[in-house]
Every structure is written in C-alpha cells, then in structure tokens.
Amino acid sequence: MQSFLDEIRAAIAAETGLEEPKLERPRDPSMGDAAFPCFVLAKERKAAPPKIAQELETALNARLNRIEAKATGPYLNFTIERALLAESVLTAITEAGASYGTSSEGEGKSIVIDLSSPNIAKPMSVGHLRSTVIGAAIQRIHNALGYKTIGINHIGDWGSQFGKLVAAVNRYGDTVDLENDPIPSLLKLYVRYHEEEEDDPTLGEEAAAAFRELESGVDGPVRATWKKLTDLSLVEFDKIYARLGVQFDLVRGEAYYESHLEKTVNRIVDAGITEESEGALVVDLSSFGKIPPCLLRKTDGTTLYATRDMAAVFHRWEEFSFERCLYVVGGDQRLHFRQMKHVLDRMGLDWEPRVEHIDFGMMRLPEGKMSTRKGRVVFLDDVLDAAAAEAKRVIEAKNADLADKDATAEMVGVGAVVFNDLKRERVKDIDFKLEEVLSFEGDTGPYVQWTHARLASIERKVGDVTEAPDWSVLASAAPILGAMGRYSDVLRSAARNAEPSEITSFVLSLARDVNSWVAQERVLGQEPAVTAARLALVQGARQVIGNALTLLGVGAPMEM
RNA sequence: GCGCCCGUAGCUCAGCUGGAUAGAGCGUUCGCCUCCGAAGCGAAAGGUCGCAGGUUCGACUCCUGCCGGGCGCACCA
C-alpha cells in the first residue's frame, strides 16, 4: 500500500514540481484509494483547482501503471487496479503473518514506560485499570516497531501514608487477618486510621514518627512492618496482572530510590535553582507562569512525591538514555509532571522534552470521583469476575458445546473490560457504568473477538485450496484491503501519540467492514479461483484483527 | 479566585498534519437465521459540530473571548 502511495506521490512530484505532495483519503472509498487536492497549485498555476485536476488527469495516467487517476471537482482521485491491490496486500500479510505491520524503525532506541503504579495497601480499583492497560498497550505497540522498551511499575510504597499504616497496624492490627486477607484488611486499617485521627492527635504523631523512622533507614520494627505490608500487597496485585496478561520489566517502588534521595536533592541544589521558603526546600517555577513551586524537602527534612520522582527520572536517564520516558499517569497529576519537567528545564537538561506525561481521563462514579478512603470504589477484581461470568452466560446460551468454556469466558470477559478502557481517546473522562462494560454488542471487544472467531471458522470449513486465486473478484473488498494496507501507519501513529485508541478504532472499523463483506460474499462452494481469493481475504483479515487485538492485550479466540 | 483538560445525533464516541454531501455504536422503528457463527447483517429516523467573533480560497479542525462540565492549586501521593 505504502509503495503505491509513494508511486503516486512521485508521479505528482514529477508532474508538478511539488516536493512532497500531500495525499489524503477520499470521503467515500468508492471514489478511490488516494486523493490529491489541487488547491495548493491554484496560486502558482493561476487556475481554478477543478481545471488543474482535469489537466493533471491525463498527464498522470500516462505516468502511472495499473493506477488510474480521475479528476473529480478540485480533487484528483487515484484508484489502484483492484486485482493488484488485493494481491499485493494479501501476499504481504501472508508472508509476514503475526509480524505484519511491525517494523524495525525503533531499533537501538529505548522507551521507558512508567505504568500501573498502584499504591500498596489499597485494593486496585477500576481506576488503576487505566494506567495498567493503556501503558501495557503503549509498550506492546513500541515493541512492534522495534524499540527496546522498559516497562516499570513504579509502586507507591513510600511516603507518609506508610507511617499511618504502620501506626494503624500497631494499634488495631489484631482486629484483622492480614496474612490471609491482606488487601481488605489493609483497607479497613486505612479507613479506621482516618476516622480516629481526628479525635486522637497522638495517632497522627505516631504515624509521622513512624515515617521518619522509615526514611531514616533504621532497620527496626517499623521497617519490618512496612516490608510485610508491601510483600503481601504485591502478591495480590500479581493475581490481577496475570489476569490482564501484563508483565513488567521492572517493579521498582518509590522505596527503590530511597538511597538516591540525598544525591538527588544535592544535584538540584548544586544546579543553583533551589531556595528556602517557609522552612521547606523548593524550586521556584514562577518564570513558567502561574505555577506553584516544586517542593523537594518538607520542614521536617523528609522528602516528597516530587523528590522521589526526580530521583527516578535521573536514574532512568542514566540507566537507559531513553528516547522517550512516558509516564502513564492520570490527568489529575498534570501539575505534578509539569513541575517536574520545569525543574529539569531549569537545570538545563537537554533531554527534558523526552519526558512526557501520558495523561488519561478520570474514571468517575455517578457519585463523583473515586475515593478509597470514602469507600467510593469499584474493585477491579469484581469487575473482571462479573465480565467473565457474563461471558460464560452468553457462551452457555449461544455455544454450549464449546470445548473450554471457562477459559474462553475469561478471555472474552477480560477482553471486554480491557477493550472498553482502550476504545476512547485516553484524555476523555469515563463515567464508570458496569452495564456498559458488560455489553458485548456493537463497538466492543467481544464484537471484534467474535469476528475473529467467525473468520477462523470459515477458514476451517474451507480447508486447503491449491488453486491460484482470481484476485479480481475482491473488487468489493477494496476498502478492507486499503485499511489493512494502512495498518503499519496506524501503529506508527499510535506509538507517536501514545494513543492505543487509534488501534481500537482501526480494528473496530475493520471488523465492521469485514462482517459486512462476509454477509454478502460467500467463500465456500464457488469456483476454486474465487474461493481461493476470498479465502485469502478472510485469512488476511483474521490475521490483521488478531495482530491488533494482541497489541491491545485482548485475546483473539479461534472459537467463542 | 487562578491554572490545565474536555464540550460533535437522546446516550457513548470517530472525524487523518484545515479540504469534497459531518461518520459509527447503543437506544428507537422496520426487515433478515432450510446458505460459511444472529456476540451478526441491511434499512429508517436522529446533528445550529457549546456560544460569539477572527484568520483562510476553504474551519468540527487554528486564534481570541465567553458559557458548561471535570481535575488541580506548597510541606498527601
């Protein structure tokens, strides 16, 4: 596909003298595979665009082989000979298989991705799903383009909240069963702490003291409790990651940077941009607009979130010399990342633009923003369970003879949840509605998965065909072929914008077109050359849909 | 109050670096399982692209202002 477009561009360039003529897609695919708007030539040629299109039509037809140019109003539309388009796209897919669409353009470049990053001691809510699923998709997309990627789970395992938890464990630890039921137990302690803190000032003092001890590096009972809490939580998180099919290259909590904090602060101080304000150590950012200063050290000398993130970004740069360092973190932290980048900027570090906040919209409940403390949460595990159960119910109703119903239900249920999260532009806020997540019709993951299974089913029924395909019978599939031919462009764009929804949009549109085509063109029982060509389309479409789903982290079932 | 993000059909969203009659899904109404999977396909109805200016041959797309919603605003993360 790319080569045809290059050919068209080259012909236009030769004919008009334009260096890089811009091609776009015609409104209606039946008008052609590519369009050249002639407005840009109107001035220098001193002629109306429709007239220019007319003139160029004959000249370009003389230059192009098996591609037809046709003037339509101010546009020049190009149509690749149908059989040629089909043959070239489908053989490319067959040859590349699972690696169709991939490239090696990222070779030698490293991409660091900070994703998921849940807080220890809090159950993962559907809110945490976003960072995990978006980040993992971004990582797979970059992998497909040949980048070396480092996915880091920057666990929230440090900070004053751990002083609070340690204090809570000390006081009320015997009222819960931490060993066997860690996450709910920690949640109870967390909530209780905040309830009692108001009436009992000694509790807050105990918590603050605990965090000071933790950060002092003393290896005593406080540290032992902290270690136990984080270990118990990580085991629970891993169960969810396994269900989502997400792995990390590094699980480095904030605590990992504990030993880097001192030199991090020194480094920023040495850059000469820090100052003392109200007893705290800060970096003034007023030169960037109305932005509050970045706090590095509290009055009591302990560090903050920003300090630890600065330590992390320095460490990552030194370790990986990244091409990009992507922070897949919610939009509620935009200010934090702006401050962090401004500090890097003030330090004169030229790699500051490589650090990007890949923000995403908030997952909201009808009652408002989720809050673990206020008990206003939907737990991710419960949602995945509900989705798998719904998938199981549908399978029982529609395909009761399926071999491995539970495994398929898990694949479809989890796929529905993941796909739902990736299908809109990531900056958009989402009002969480369970019935929407559990819907398997229309623009949903299961719809795409079902399309994949249906195509696989046709392949099984047709079996092997030895006859050479008659590519010309695929004229009606031209929009599908064109889309599949553009798949690698979609990957490139999705990576550049760190936007998995570009792939969900693509695969939804492809699935829709394919289902429509399958409804009107029969594969089985045709002339062998016709069956061969249509089978090739079915195989190609299944391959591309499967490849796209895999990148999104959604299973592509052969049956469901 | 200030800053950032969002604002396209009843609802949820697409709309490529500005370009040809603004496209889907859900919901509503109608049609299609004796033909490769009805988690499907076809059709109908449904839009002052938040509002007002501006730039441009051309604006859903860029700029300014306003309105509505969301998020955030120093010792939490």
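Note that this is a predicted model, so its numbers are computed, not measured. Letters A, B, ... are given to chains in the order of the sequence lines, protein chains preceding strands, and every chain is numbered from 1.
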Legend entry - Check: A74(B) base within 3.5 Å donor-acceptor of S277(A) side chain: yes
Inset, instruction - Mind checking I291(A) for me? I need base, sugar-phosphate or nothing, with any heavy atom below 4.0 Å counting as a touch. - result: nothing
Inset, instruction - For Q333(A), report the nucleic acid contact type (base, sugar-phosphate, nothing); a contact means any heavy atom under 4.0 Å. - result: base
Inset, instruction - Identify whether any heavy atom of V462(A) sits under 4.0 Å from a base atom; if not, whether one sits that close to sugar-phosphate; answer base, sugar-phosphate or nothing. - result: nothing
Inset, instruction - Could you please name the option among A77(B), G37(B), C35(B) that lies closest to any side-chain atom of R522(A)? - result: C35(B)
Inset, instruction - Establish, with yes or no, whether the OP1 or OP2 oxygen of C13(B) is under 4.0 angstrom from a side-chain nitrogen or oxygen of R424(A). - result: yes
Legend entry - Who pairs with C71(B) - Watson-Crick or G-U, where each distance is under 3.5 Å: G3(B)
Inset, instruction - Go through the steps for E262(A) and R297(A) under the test salt bridge (Lys or Arg N to Asp or Glu O under 4.0 Å), then give the verdict. - result: CA-CA 10 Å; E262(A) 194 61 37; R297(A) 246 190 229 294; 3.3 Å; yes
Legend entry - P gap between C49(B) and C62(B), integer Å: 16 Å
Legend entry - Pairwise C1' distance for C51(B) and G7(B), with rounding to whole Å: 11 Å
Inset, instruction - Give one of base, sugar-phosphate or nothing for Q520(A), where a contact means two heavy atoms less than 4.0 Å apart. - result: nothing
Legend entry - Interatomic distance where CD belongs to E275(A) and C1' belongs to A74(B) [whole Å]: 12 Å
Inset, instruction - With the side chain of Q161(A) defined as its heavy atoms from C-beta on, choose the nearest nucleotide among G37(B), A77(B), C73(B). - result: A77(B)
Legend entry - Under-3.5 Å donor-acceptor pair between D332(A) side chain and A77(B) base: no
Inset, instruction - Select base, sugar-phosphate, or nothing to describe what G73(A) touches, counting heavy atoms under 4.0 Å on all strands. - result: nothing
Legend entry - Side-chain N,O (S509(A)) to OP1/OP2 (A24(B)) below 4.0 Å: no
Inset, instruction - Take nucleotides 25-31 of chain B nucleotide by nucleotide from the 5' end and write B, S or -, depending on whether a protein heavy atom sits under 4.0 Å from the base, only from the sugar-phosphate, or from neither. - result: SS-----
Inset, instruction - For G15(B) versus U56(B), give the span between their P atoms, rounded off to a whole number of Å. - result: 28 Å
Inset, instruction - Please work out if M363(A) contacts a base, only the sugar-phosphate, or nothing of the nucleic acid, heavy-atom cut-off 4.0 Å. - result: nothing
Inset, instruction - Using a 4.0 Å heavy-atom cut-off across all strands, classify N77(A) as base, sugar-phosphate, or nothing. - result: base
Inset, instruction - Respond yes when some side-chain nitrogen or oxygen of S516(A) is under 4.0 Å from OP1 or OP2 of G42(B), and no when none is. - result: yes
Inset, instruction - With a 3.5 angstrom cut-off on both distances, give the Watson-Crick or G-U wobble partner of C16(B), or none if there isn't one. - result: none
Inset, instruction - Let me know, please, whether E436(A) or V518(A) comes out on the 5' side of the other along RNA chain B by nearest nucleotide. - result: E436(A)
Legend entry - Same-atom distance (P) from U64(B) to G70(B), integer angstrom: 24 Å
Inset, instruction - Sticking with atom P, work out how far U17(B) lies from C33(B), rounded to a whole angstrom. - result: 44 Å
Inset, instruction - For the pair Y327(A) and F337(A), name the ring-plane relationship: parallel under 30°, tilted 30 to 60°, perpendicular over 60°. - result: tilted
Legend entry - C11(B) phosphate, OP1 or OP2, under 4.0 Å from K433(A) side-chain N/O: no
Inset, instruction - Specify the separation, in whole Å, of atom CH2 of W517(A) and atom P of C36(B). - result: 15 Å
Inset, instruction - Calculate the interatomic distance between K369(A) atom NZ and C76(B) atom C1'; express it in whole Å. - result: 12 Å
Inset, instruction - Give a yes/no answer on whether the side chain of K461(A) brings an N or O atom under 4.0 Å of OP1 or OP2 in G37(B). - result: yes
Inset, instruction - For E559(A), report the nucleic acid contact type (base, sugar-phosphate, nothing); a contact means any heavy atom under 4.0 Å. - result: base
Inset, instruction - Give L76(A) one of three labels, base, sugar-phosphate or nothing, depending on what nucleic acid heavy atoms sit under 4.0 Å from its own. - result: nothing
Legend entry - Sidechain N-carboxylate O distance under 4.0 Å for R376(A), E367(A): no
Inset, instruction - Would you indicate what A35(A) reaches in the nucleic acid, counting non-hydrogen atoms under 4.0 angstrom: base, sugar-phosphate, or nothing? - result: base
Inset, instruction - Sticking with atom C1', work out how far U29(B) lies from G10(B), rounded to a whole angstrom. - result: 15 Å
Inset, instruction - Determine the Euclidean distance between corresponding P atoms of G46(B) and A52(B); express it in Å to zero decimal places. - result: 23 Å
Legend entry - OP1 or OP2 of G37(B) under 4.0 Å from side-chain N/O of R454(A): no
Inset, instruction - Could you give the distance separating G50(B) and A9(B) at their C1' atoms, to the nearest angstrom? - result: 14 Å
Inset, instruction - Remember a base hit wins even if backbone is also touched, and classify A42(A) as base, sugar-phosphate or nothing at under 4.0 Å, heavy atoms. - result: nothing
Inset, instruction - May I ask which nucleotide in the shown strands pairs with A44(B), Watson-Crick or G-U wobble, both distances under 3.5 Å? - result: U28(B)
Legend entry - Proximal nucleotide (of C41(B), C16(B), A74(B)) relative to the R25(A) side chain: C16(B)
Legend entry - L295(A), nearest nucleotide to its side chain (from A74(B), A77(B), A20(B)): A74(B)
Legend entry - Chi angles and distances behind the ring pair (Phe, Tyr, Trp, His ring centres under 6.0 Å) call for F36(A), F78(A): CA-CA 8 Å; F36(A) 174 66; F78(A) 298 89; 7.6 Å; no
Legend entry - Sugar-phosphate only, base, or nothing, as touched by E521(A) at under 4.0 Å among non-hydrogen atoms: base
Inset, instruction - Would you mind telling me which of G3(B), A77(B), G7(B) lies closest to the side-chain atoms of K290(A)? - result: G3(B)
Inset, instruction - Check whether any side-chain nitrogen or oxygen of Y447(A) sits under 4.0 Å from OP1 or OP2 of C41(B), and answer yes or no. - result: yes
Legend entry - Atom-pair distance (CZ on R27(A); C1' on G18(B)), nearest Å: 12 Å
Legend entry - Closest nucleotide among G37(B), C71(B), A77(B) to the R364(A) side chain: C71(B)
